[in-house]
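Treat the numbers as computed from the prediction; the structure is a model and nothing was measured. Convention: sequence-line order gives letters A, B, ...; per-chain numbering from 1.
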Amino acid sequence: MELDMKYFEEMEAKIPKGKVRTRFAPSPTGYMHVGNLRTALYTWLIARNAGGTFILRIEDTDQGRLVEGATDVIYRTMAQCGLTHDEGPDVGGPVAPYIQSQRRDTYGKYAELLISKGGAYRCFCGKDETEPADPKEIQKHVCDCPKLTDAEIAEKIASGASYVIRQKIPQKGTTTFHDASFGDITVENSELDDQILLKSDGLPTYNFANVIDDHLMGITHVVRGSEYLSSAPKYNLLYESFGWDVPTYIHCSPVMRDAQHKMSKRHGDPSYEDLMNEGYLTEAVLNYVALLGWSPKGALAEREFFTLSELAEAFDIAGISKSPAVFDIAKLRWMNSEYMKKLPPEVFFEKAEPILREAIPNPAINLKTVAALVQSRCEILTDLPGRVDFLAKLPDYDVALYVHKKSKTTLENSLAALEACVPVLENLTDWTNESLYAALTELAAKLEVKNSIVLWPLRVAVSGKESTPGGATDLCALLGKEESLRRIADGIARLKAAQ
RNA sequence: GGCCCGUUGGUCAAGAGGCUAAGACACCGCCCUUUCACGGCGGUAACGGGAGUUCGAUUCUCCCACGGGUCACCA
């Protein structure tokens, strides 16, 4: 088989050199899980930290698993997160194409090149479906195909026999692989299998496509999940056979759902999109995910709030953790609430308005005021309806709410307080929070009771809830005079019925 | 099962031979207060086990246990 050496020279000539180049290479499954997002983030951060280039490559060599619209999810997620790529299928670049299914010829040619260098061989064995007698036995492919002569191979091909190309692993010795966070890992070559590089459909396997593309795209740092750690030594052998430089590998341990399970779609763990739909803020998710498996060193060690660009500046490979990290939704909620509080009120209102409008159809209620009241009291946007729905309609509630130990309220004094409120409020002309507060504290003073004796029952009467976004006067101001008085009357009725 | 990797409080984690073993979330308590929240203050809680090396091990070595990963014409 003749090799077109000029092709390889041209390909080599296109490889950008001298700068850090990283790539995020998802396979389009239509789902960006949290672990994936973290890998993308770290990869992006390494590039940005070094002033390098970040590349998006789509790994779609498995024709059986293509999912419609899946690449759109990837583009959309990356864009929303601000993880901008410098090269990729949609923006092009010096080493295009960036979609593996469009690079089919390249893999075939490089597989041939590898054969000529003695690092691979054609195997005509067909699918290996033999069940090992002992299931505990190591399943390694062993056959006589490597011994086939050129003539025999030509004959088989001419007769239409299908074949795969397998990596030829040395029988003896050891291979040492270096990972930036795990260090040196040495394995016996006898443990390694002659893995398939090129499938019988002519498309490469993940392991082969990766090596070829990473080299041809000039990738300097490869970030990937630790599930690939055990196949990494084979990569070294591949690079060695080709005579190429090995990039820096950074394997990341998985993001777990609990101590023994990875986050997974099957178990209903949230993807990035799910988190967005649940009302989390992208910035909070990125911040949280960045710290799940990485922590800053030195002066920044105590810091926990980072913007994307601050992360890019602070990020270092040495801070990546080797052990798996459990995804803690409670901490994400907390972090999200911190981000919510920091949002400028206009921005918060913009995000909250549609949700508030749906929960409170009543046009008389000022949603801006509601938003201001609720901004510091919700962890995620989807908490909102449950916190404000009482404004639309007074819920049925238990009079026990009127009894509050700390405020020293009882059913009896609550009733008295509400009844005392009525004339005061009826006569109040300026229906604002300030005037309400002034009038009601004046009432409490006149009755010679603590403010809470008046305000607690009032808040319960107008809200019917144990917890509300604001105090009694905030709520009255929001509800308006008529509705407030109506609810107070309702409360009085409930209390009387309970006496 | 073979091979590889990992193991600091419930969770995320700092630490890199000598420290009262940080910090954050969660939890609990107190204060503030017009509820909850916010805020402030404080508290409970950890180096998986066993041998070494060393004057001294959470930090180094080995063994064990546990957990994870991997052993596909999937990535």
Side-chain angles (χ1 to χ4, degrees), chain A residues 25-27 29 59-62 64-65 123 126-128 134-141 162-166 177 179 182-183 185-188 190-193 195-201 203-207 209-210 224-233 251 253-254 256 258-262 288 291-298 301-304 319 321-335 337 341 373-374 376-379 387 401 404 406-407 437 440-441 444 450-456 458-460 463 465-475:
Chain A
S27 68
T29 60
E59 308 221 337
D60 60 346
T61 56
D62 184 359
R65 294 214 320 197
C123 174
K127 277 202 181 172
D128 200 357
D134 180 357
K136 287 171 188 166
E137 208 170 287
I138 312 166
Q139 285 191 55
K140 262 185 75 174
H141 181 86
S162 82
Y163 61 88
V164 298
I165 294 179
R166 309 186 91 109
F177 159 81
D179 180 89
F182 286 93
I185 295 167
T186 301
V187 295
E188 296 287 334
S190 60
E191 294 289 333
L192 272 19
D193 185 33
Q195 67 176 339
I196 289 173
L197 267 18
L198 208 68
K199 299 180 260 189
S200 53
D201 64 2
L203 283 167
T205 56
Y206 168 82
N207 290 312
N210 251 263
R224 30 140 59 166
S226 61
E227 65 268 30
Y228 302 116
L229 206 48
S230 50
S231 57
H251 287 87
S253 285
M256 311 292 283
D258 55 46
Q260 30 280 113
H261 304 279
K262 270 169 69 154
Y288 175 70
L291 261 17
L292 238 201
W294 173 80
S295 66
K297 299 274 178 208
E302 303 253 306
R303 181 160 179 183
E304 54 192 345
S321 168
K322 283 188 281 215
S323 38
V326 175
F327 182 88
D328 182 4
I329 195 79
K331 186 150 188 180
L332 206 213
R333 283 184 73 97
W334 164 77
M335 183 158 273
S337 74
K341 279 177 228 164
L373 245 23
V374 91
S376 69
R377 296 162 223 256
C378 78
E379 293 186 311
R387 305 206 66 129
L401 281 182
H404 184 65
K406 241 171 131 185
S407 301
Y437 186 71
L440 291 167
T441 49
K450 283 177 59 178
N451 290 342
S452 60
I453 296 287
V454 173
L455 293 167
W456 177 281
L458 180 57
R459 191 185 63 82
V460 171
S463 68
K465 294 196 97 173
E466 188 177 8
S467 150
T468 52
T473 57
D474 290 307
L475 303 183

> Would you say A/Thr61 reaches B/rA75's phosphate, i.e. side-chain N/O to OP1/OP2 under 4.0 Å?
Replying inline: yes

>> Using the rule given for side-chain contact (heavy atoms from CB on, under 4.5 Å), can you reason through A/Ile196 versus A/His141, listing the C-alpha separation, both sets of side-chain angles and the distance that settles it, and then say yes or no?
In response: CA-CA 10 Å; A/Ile196 289 173; A/His141 181 86; over 6 Å; no

>> Quick test of the criterion, 5.5 Å between centres and less than 30° between planes. Is A/Tyr437 stacked on B/rU34 or not?
In response: yes

> If only atom types and distance count, is the side chain of A/Ser253 paired as donor or acceptor with the main-chain N or O of A/Lys322 below 3.5 Å?
Replying inline: yes

> To the nearest Å, how far apart are A/Leu475 CG and B/rC36 P?
Replying inline: 14 Å

>> What's the gap between B/rU61 and B/rU70 when it is taken at their C1' atoms, as a whole Å value?
In response: 27 Å

>> Looking only at the side chain of A/Glu302 (C-beta and beyond, no hydrogens), which of the listed nucleotides B/rA22, B/rA14, B/rU34 gets closest?
In response: B/rA22

>> From the set B/rA26, B/rC3, B/rG69, return the single nucleotide nearest to any side-chain atom of A/Glu227.
In response: B/rG69

>> Nearest whole Å is fine: how far is B/rC4 P from A/Asp179 CG?
In response: 16 Å

>> Taking the nucleotide of RNA chain B with the nearest heavy atom to each, does A/Gly293 or A/Pro469 sit closer to the 5' end?
In response: A/Gly293

> Which is true for A/Ala472 with a 4.0 Å heavy-atom rule: it touches a base, it touches only sugar-phosphate, or it touches nothing?
Replying inline: base

>> Starting the side chain at C-beta, find the nucleotide from B/rA26, B/rA75, B/rA13 nearest to A/Ser321.
In response: B/rA13

> Quick one: does A/Phe177's side chain get under 4.5 Å of A/Val187's, heavy atoms only?
Replying inline: no

> Between A/Thr186 and A/Ser231, which is nearer to the 5' end of RNA chain B once each is assigned its nearest nucleotide?
Replying inline: A/Thr186

>> Rounding to an integer number of angstrom, what distance separates B/rG56 and B/rG18 when you compare their P atoms?
In response: 14 Å

>> Of the listed nucleotides (B/rA75, B/rU35, B/rC4), which one gets closest to any side-chain atom of A/Arg459?
In response: B/rU35

>> Quick check for you: among B/rG67, B/rU70, B/rC36, whose closest atom lies nearest to any side-chain atom of A/Gln260?
In response: B/rG67

> Can you check the A/Trp294 CH2 to B/rA24 P distance for me, whole Å?
Replying inline: 18 Å

> When rounded to the nearest 0.5 angstrom, what is the spacing between OG in A/Ser467 and CZ in A/Arg377?
Replying inline: 8.0 Å

> Across the strands shown, which category fits A/Ser323 at heavy-atom distances under 4.0 angstrom: base, sugar-phosphate, nothing?
Replying inline: sugar-phosphate

> Can you find a donor-acceptor N/O pair under 3.5 angstrom joining the side chain of A/Lys450 to the base of B/rU34?
Replying inline: no

> Counting only distance, no hydrogens or angles, is the base of B/rA24 paired donor-acceptor with the side chain of A/Lys331 under 3.5 Å?
Replying inline: yes

> Whole-Å distance between B/rU7 P and A/Met256 CE?
Replying inline: 14 Å

> What distance separates A/Leu291 CG from A/Met335 CE, expressed to the nearest 0.5 Å?
Replying inline: 6.0 Å

>> Taking the P atom in each of B/rA14 and B/rC60, what is the distance between them to the nearest angstrom?
In response: 14 Å

>> Using modelled atom types and a 3.5 Å cut-off, is there a donor and acceptor pairing between side-chain atoms of A/Arg166 and backbone atoms of A/Leu198?
In response: no

> What nucleic acid atoms does A/Lys297 come within less than 4.0 Å of, heavy atoms only: base, sugar-phosphate, or nothing?
Replying inline: sugar-phosphate

> Using a cut-off of 4.0 Å on non-hydrogen atoms, how would the nucleic acid contact of A/Ile196 be classed: base, sugar-phosphate, or nothing?
Replying inline: base

> Say you pick atom C1' in B/rA13 and the same atom in B/rA51; how far apart are they, in whole Å?
Replying inline: 29 Å

>> If I take atom CG in residue A/Leu455 and atom C1' in nucleotide B/rU35, what distance separates them, rounded to the nearest angstrom?
In response: 10 Å

>> Measure NZ/A/Lys322 against P/B/rA16 and give the value in whole Å, please.
In response: 15 Å

>> What is the distance, to the nearest angstrom, from the CZ atom on A/Phe327 to the C1' atom on B/rG10?
In response: 17 Å

> Counting only N and O atoms by type, is there a donor-acceptor contact under 3.5 Å from the side chain of A/Asn210 to the main-chain atoms of A/Asn207?
Replying inline: no

> Counting N and O atoms only, with roles assigned by atom type, does the side chain of A/Lys331 sit under 3.5 Å from a partner on the main chain of A/Tyr288, one being a donor and the other an acceptor?
Replying inline: no

>> Please report the distance separating the P of B/rA46 from the corresponding atom of B/rG10, rounded so that it comes out in whole Å.
In response: 7 Å

> Using atom P of each nucleotide, how far apart are B/rA22 and B/rA45 to the nearest Å?
Replying inline: 12 Å

>> By nearest atom, which of the nucleotides B/rA75, B/rG6, B/rC36 is closest to the A/Ser467 side chain?
In response: B/rC36

> NA contact type, A/Val326, heavy-atom cut-off 4.0 Å: base, sugar-phosphate, or nothing?
Replying inline: sugar-phosphate

> Nearest of B/rA75, B/rC12, B/rU34 to any side-chain atom of A/Leu292?
Replying inline: B/rC12

>> Distance check, rounded to the nearest 0.5 Å: A/Thr468 atom OG1 versus A/Arg459 atom CZ?
In response: 4.0 Å

> Does a side-chain N or O from A/Lys406 land closer than 4.0 Å to OP1 or OP2 of B/rC32, or not?
Replying inline: no

> Considering only heavy atoms and no angle criterion, is a donor-acceptor pair shorter than 3.5 Å present between the side chain of A/Thr468 and the base of B/rC36?
Replying inline: no

> Nearest of B/rU35, B/rU11, B/rG69 to any side-chain atom of A/Asp328?
Replying inline: B/rU11

>> Once you apply a heavy-atom cut-off of 4.0 Å, does A/Ser463 come out as touching a base, just sugar-phosphate, or nothing?
In response: nothing

> Is there side-chain contact between A/His251 and A/Arg224, with at least one heavy-atom pair below 4.5 Å?
Replying inline: yes

> Rounded to whole angstrom units, what separation is found between the CG atom of A/Leu401 and the P atom of B/rU35?
Replying inline: 15 Å

> Counting a pair only when it is Watson-Crick or G-U and both distances are under 3.5 Å, which runs of at least 3 such pairs involve RNA chain B?
Replying inline: B:1-7 with B:65-71, B:10-12 with B:23-25, B:27-31 with B:39-43, B:48-52 with B:60-64

> Which of these nucleotides, B/rA13, B/rC73, B/rG6, is closest to any side-chain atom of A/Ser295?
Replying inline: B/rA13

> Expressed in whole Å, how much space separates the P atoms belonging to B/rU58 and B/rU8?
Replying inline: 15 Å

> Which whole number of Å gives the distance between the C1' atom of B/rG48 and that of B/rG6?
Replying inline: 12 Å

>> Using a 3.5 Å distance criterion without hydrogens, assess whether the side chain of A/Arg303 forms a donor-acceptor pair with backbone atoms of A/Pro296.
In response: no

> Side chain of A/His404: nearest nucleotide among B/rG6, B/rG68, B/rU35?
Replying inline: B/rU35

> A/Tyr228 near the nucleic acid: base, sugar-phosphate alone, or nothing, with a heavy-atom cut-off under 4.0 Å?
Replying inline: base

